[in-house]
Amino acid sequence: MEDRYKPDIIESKWRKSWEDAKIYKVSDDPEKEKYYLLEMFPYPSGKIHIGHVRNYTIGDVVARYKHMKGFNVLHPMGWDAFGMPAENAAIANKTHPARWTYDNIDAMRLQLKQMGFSYDWDREIATCRPEYYRWEQWLFLKMYEKGMAYRKESYVNWCEPCQTVLANEQVESGMCWRCGKPVRQKKLAQWFFRITDYADDLLVHCDLLPGWPDKVVAMQKNWIGKSIGAEIRFAVENSSEQIVVFTTRQDTIFGATFMCLAPEHPMVQKLSKGTIQEQPVNTFVERISMQDRSSKGVESYEKEGVFTGAWCINPLSGARMPVYTANFALMGYGTGAVMSVPAHDQRDFDFARKYDLDIIVVVNSDQRLDPATMIEAYPGDGVMINSGDFNGLKNTLAIESIADYLETHNLGKRTISFRLRDWGISRQRYWGAPIPMIHCDDCGIVPVSESDLPIVLPEDADLLEGGRSPLPTLDYFARTPCPKCASPSARRETDTMDTFVESSWYFQRYCSPDYHEGMFDPKAVDYWMPVDQYIGGVEHAILHLLYSRYYTRVLRDIGLITYKEPFTRLLTQGMVCKETVHCPTHGFLFPDESTEGKDRRCKSCDQAVVIGRVEKMSKSKKNVVDPNILLEKYGADTTRLFCLFASPPERSLEWNEQGVEGCYRFLNRVWRLCAVWMPYIQPVIAFDGSMDDLELELRDLYKKIHHTIYKVTNDIEDRFHFNTAISAVMELVNMLYGFSVDERSPAKTSMYRLAIESVVLLLSPVTPHIAEEIWSELGKPSIFKSSWPIHRTEALIKDMLLVVVQINGKLRSKFSVAADADDAVIEQLALSDERVQKMIDGKPIRKVVVVQKKLVNIVI
RNA sequence: GCCUGGGUGGCGGAACAGGUAGACGCAAGGGACUUAAAAUCCCUCGGGGUUUAUCCCUGUACGAGUUCGAUUCUCGUCCCAGGCACCA
């Protein structure tokens, strides 16, 4: 065995050997228990960054571990290959999105291979290939047939100068990121998936996902946001129109003093037309259309509104209520109209104070509420007042009785409303999967016939000015005869699908990536699905995971699969974060594009740069770290080890390279230990005898070995805490450094061999190359044909226990005691302890708490 | 703003069911080896105090509370991160 650890040599050697032997190739084997381990596939941005390395190292460790545990492990990799960055890069670098994407895939595949990840590359998929997205188009047709895909109008960010739709990310404080001009909301007809049909089902099943982190389940539940309430109809004064509101607080209806409509609400224009308010309303609505209408934007703007000129009648109190349009009312939630109860809702309260509107208290709290002096709304429970026949009732009961009243008097009805909205999948973009629909002047919207699939995205088209999609202008793509009436003037839908559609079913495609008869081979999916362990960034905790759960339900209802939930266990990895660096002329900078130190400057223009906040690494902010630097300097094993050792996976990590040196040093320590011991341990076999016959020193070592096996196994199996698993191995290695070889003692050498074999086995999922190299030096076949070590229970039992003595909860003394001593003995020993006696100093003992075999607390 | 997390030495983190705070590693300081350096090995390492001890006080973002005992549970505050529906 070489004296020195040379990662570059052993890593390339074993990478090649494993690839030649196709050791990662996996096939369906009903004889073996399957384990489907999946990491979220990456967007092919061109280079892997540390976040990917962290994610995929975690996955690889689990895959290798489960493999050694005897499972038939499916561990695939692929590319979420459609999306905006390809278009941006095409504009910036004058390349083509397809070319850019495929080049990036090649570059990143190479990088992933260098990391030594155990993927079955024969199953690789790229979502931008027609073989993949044709099945997505096929499913779209099925969904359209079932009414699950439909078209309706909705709003997009529109930049007039660029004549283009902008993603939220492309809007920077209300302005277009390219031309800097204001962005406004524009109404467009777009395609939607009816995810709200499954709102209740998705919600109920949140509680049937025990393998998911509680926080993700909580986020999903809140996102779906079920609320139970009522729809109430308000008559408009001097009109046949009615305004329908949704409220969860119908108990407060007597306190409703005004009405707020979303600016997009169709009644707004109708009601103000012809009144003196028409002009102010139009100005207001126009102005609001320039505001960010996302929930984030809406909640952060100051609440404002304008009177529409119309009044409506409170159906219970009979009061005249002015109808406003207000920026805090959302068209997408409930009915887009809010009955405003300023006394009991904070937003309504702020609004009423601002516009000097009536406040009527209808639910009294313990302190008597006075509208004149209230400084905030009272949303809590209490007794009804100012509410006619309902006075004196507890408001929690009034919720029911008022709902009854509304229903019996035909003024409204009980309703359940969800915060969840239907999934808008239309994108006015080029680099995405075409939606397989045709617009015919005579027949309307006509689906493409199944036999015409796939509708192939032309890969050679160039983007237009301002990044506009070329698809509408490409006659050879857009012009097509109508499948129904053969009219030659029909046009294809030129919107493409949201890339979340591709990522909502890719995990099934991996089961049979080359299948040509459908989305996937039912037999393969039946064997492999659902995914046993899914691993990915916590930033996907809501959208991607919810869409995948929804899509899985659609597939089930169509009869393609039998399971409802795609991911049995989920690990959400914390973000790898880093500060952003921004240059006034060159925008965001990569870490190596600015100088180091205190006074940081842009390397290309020497201007001072602005150091931004620490946030998740992303291509667009350029705050990414290229793992290649670590890879070149230390090799894949050290890089992998460091990513895991730095922190537990669910925690976010502010990137800092300090510490990588220590990981490299540790692997060197392992190597040197093996190199020195190898001549002695090579000829012997690992200790396999009884612990009882061992001399004390070896007995301790034996116990340490088994304790380490136990700890590492638990840390991986139960909680994926690789950092503590690695420190346990470090402790064992530190202990081994205290022993020296003695060739005359076979007892020692065989125990050393057991120790080394254990260290190597335990490290092998984390640092596969060095493990394989040492393993082969030990004269063994591939370590990945080996079984995971199993601890011996008897080795975990301690002979002596350390008992801690506290006085009034403060540590005062400790002593060792035989492991079988009972509590009474321990209490006596504690009380008679010299130091304890001194501290007690004759004071009366009020209480003694004995925690079994661990601690005594004496209260004086 | 709303939802979800997080905050422990100079740094990354440990303490898994309320019971020794700081495992393991980095950085720093001291020492050994060496002609020298690197590498390696050994020691010290939260803060403060003194009688220098198996010593005392203090300390897990901040402020309260529950408890014999709180980094851990409860309430309030501050700060940071993720998500907020067209980034993926």
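Each chain gets a letter, A, B and so on, in the order the sequences are listed, and its residues count up from 1.
In this structure, A:W655 has its ring center closer than 6.0 angstrom to the ring center of A:F642. If you look at A:F192 and A:W423, their ring centroids are not closer than 6.0 Å. Between A:F41 and A:Y506, the ring center distance clears the sub-6.0 Å criterion.
Nucleotides B:U4 and B:G9 have their C1' atoms positioned 29 Å apart, rounded to a whole Å. Nucleotides B:G13 and B:A64 place their C1' atoms 29 Å apart, quoted to the nearest Å. The separation of B:U34 from B:G22, taken at their C1' atoms, amounts to 36 Å, rounded to a whole angstrom. Taking atom C1' on both nucleotides, B:C24 is separated from B:G19 by 23 Å, rounded to a whole Å. Distance check on atom P: B:A27 versus B:U40 gives 10 Å, rounded to whole Å. Taking atom P on both B:G10 and B:A23, the two are 14 Å apart, rounded to the nearest angstrom. Remark: the separation of the C1' atoms in B:C41 and B:G49 is 35 Å, to the nearest Å. Comparing B:C62 with B:C26, their P atoms sit 29 Å apart, to the nearest whole Å.
B:C2 is paired with B:G83 under the Watson-Crick or G-U wobble criterion, all donor-acceptor distances under 3.5 Å. Checking B:G63 for Watson-Crick or G-U wobble geometry (two distances, each under 3.5 Å) identifies B:C75 as its partner.
The side chain of A:R613 sits closest to B:A81 out of B:C68, B:C24, B:A81. Out of B:C68, B:G25, B:A81, the shortest distance to the side chain of A:C577 is found at B:A81.
The side chain of A:K215 places no N or O atom within less than 4.0 Å of a non-bridging phosphate oxygen (OP1 or OP2) of B:G82. Residue A:R846 has no polar side-chain atom (N or O) positioned under 4.0 Å from OP1 or OP2 of B:G69. Regarding contacts with the backbone of B:U4, a side-chain N or O of A:N222 is found under 4.0 angstrom from either OP1 or OP2. Here A:R54 does not reach the OP1 or OP2 of B:G12: none of its side-chain N or O atoms lies under 4.0 Å away.
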Please tabulate the protein-to-nucleotide N/O contacts below 3.5 Å involving nucleotides 13-17 of chain B, giving atom names and distances.
from	atom 1	to	atom 2	distance (Å)
B:G13	O5'	A:A646	O	3.4
B:G13	O3'	A:N723	ND2	3.2
B:A14	OP1	A:N723	ND2	3.0
B:A15	OP1	A:R719	NH1	3.4
B:A15	OP1	A:R719	NH2	2.8
B:C16	N4	A:K711	NZ	2.8

Could you go over nucleotides 47-50 of chain B and give all protein N or O partners under 3.5 Å, atom names and distances?
none

Check nucleotides 41-43 of chain B against the protein and report each pair of N or O atoms closer than 3.5 Å, with its distance, or say if there are none.
from	atom 1	to	atom 2	distance (Å)
B:C41	OP1	A:R669	NH1	2.3

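Other residues, nucleotides and ligands place more than 12 heavy atoms under 6.0 Å from the NZ atom of A:K354. No more than 12 heavy atoms of other residues, nucleotides or ligands lie within 6.0 Å of NZ in A:K798, so this atom counts as exposed by the packing criterion. Heavy-atom neighbours of A:E302 CD from other residues, nucleotides or ligands within 6.0 Å: at or below the threshold of 12.
Using cut-offs of 30° and 60° on the angle between ring planes, the pair A:H544 and A:H540 is perpendicular. A tilted orientation is assigned to the rings of A:F193 and A:Y551, their planes being inclined by 30° to 60°. Aromatic ring pairs are classed by plane angle as parallel below 30°, tilted from 30° to 60° and perpendicular above 60°; the pair A:F328 and A:F351 is perpendicular.
With sequence neighbours left out, A:R427 forms a salt bridge (Lys or Arg N to Asp or Glu O under 4.0 Å) with A:D498.
Note on A:K853 versus A:D823: no salt bridge recorded, every NZ/NE/NH1/NH2 to OD/OE distance being 4.0 Å or above. A salt bridge does not link A:E650 to A:R719: none of the charged side-chain nitrogens sits closer than 4.0 Å to a carboxylate oxygen.
If you check every strand for non-hydrogen atoms under 4.0 Å, A:N656 touches sugar and phosphate atoms only.
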Worksheet item: Quick one: what's the B/S/- string for nucleotides 83-88 of chain B, heavy-atom cutoff under 4.0 Å, read 5' to 3'?
Response: SBBBBB

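Applying ring-ring contact (aromatic ring centres under 6.0 Å, His included) to A:W431 and the options A:Y133, A:W100, A:F82 leaves one that passes, A:F82. Of the listed residues (A:Y550, A:Y132, A:F500), just one forms a ring-ring contact (aromatic ring centres under 6.0 Å, His included) with A:W505, and that residue is A:Y132.
The list of salt bridge (Lys or Arg N to Asp or Glu O under 4.0 Å) pairs with a residue in residues 659-672 of chain A, not counting sequence neighbours, is empty.
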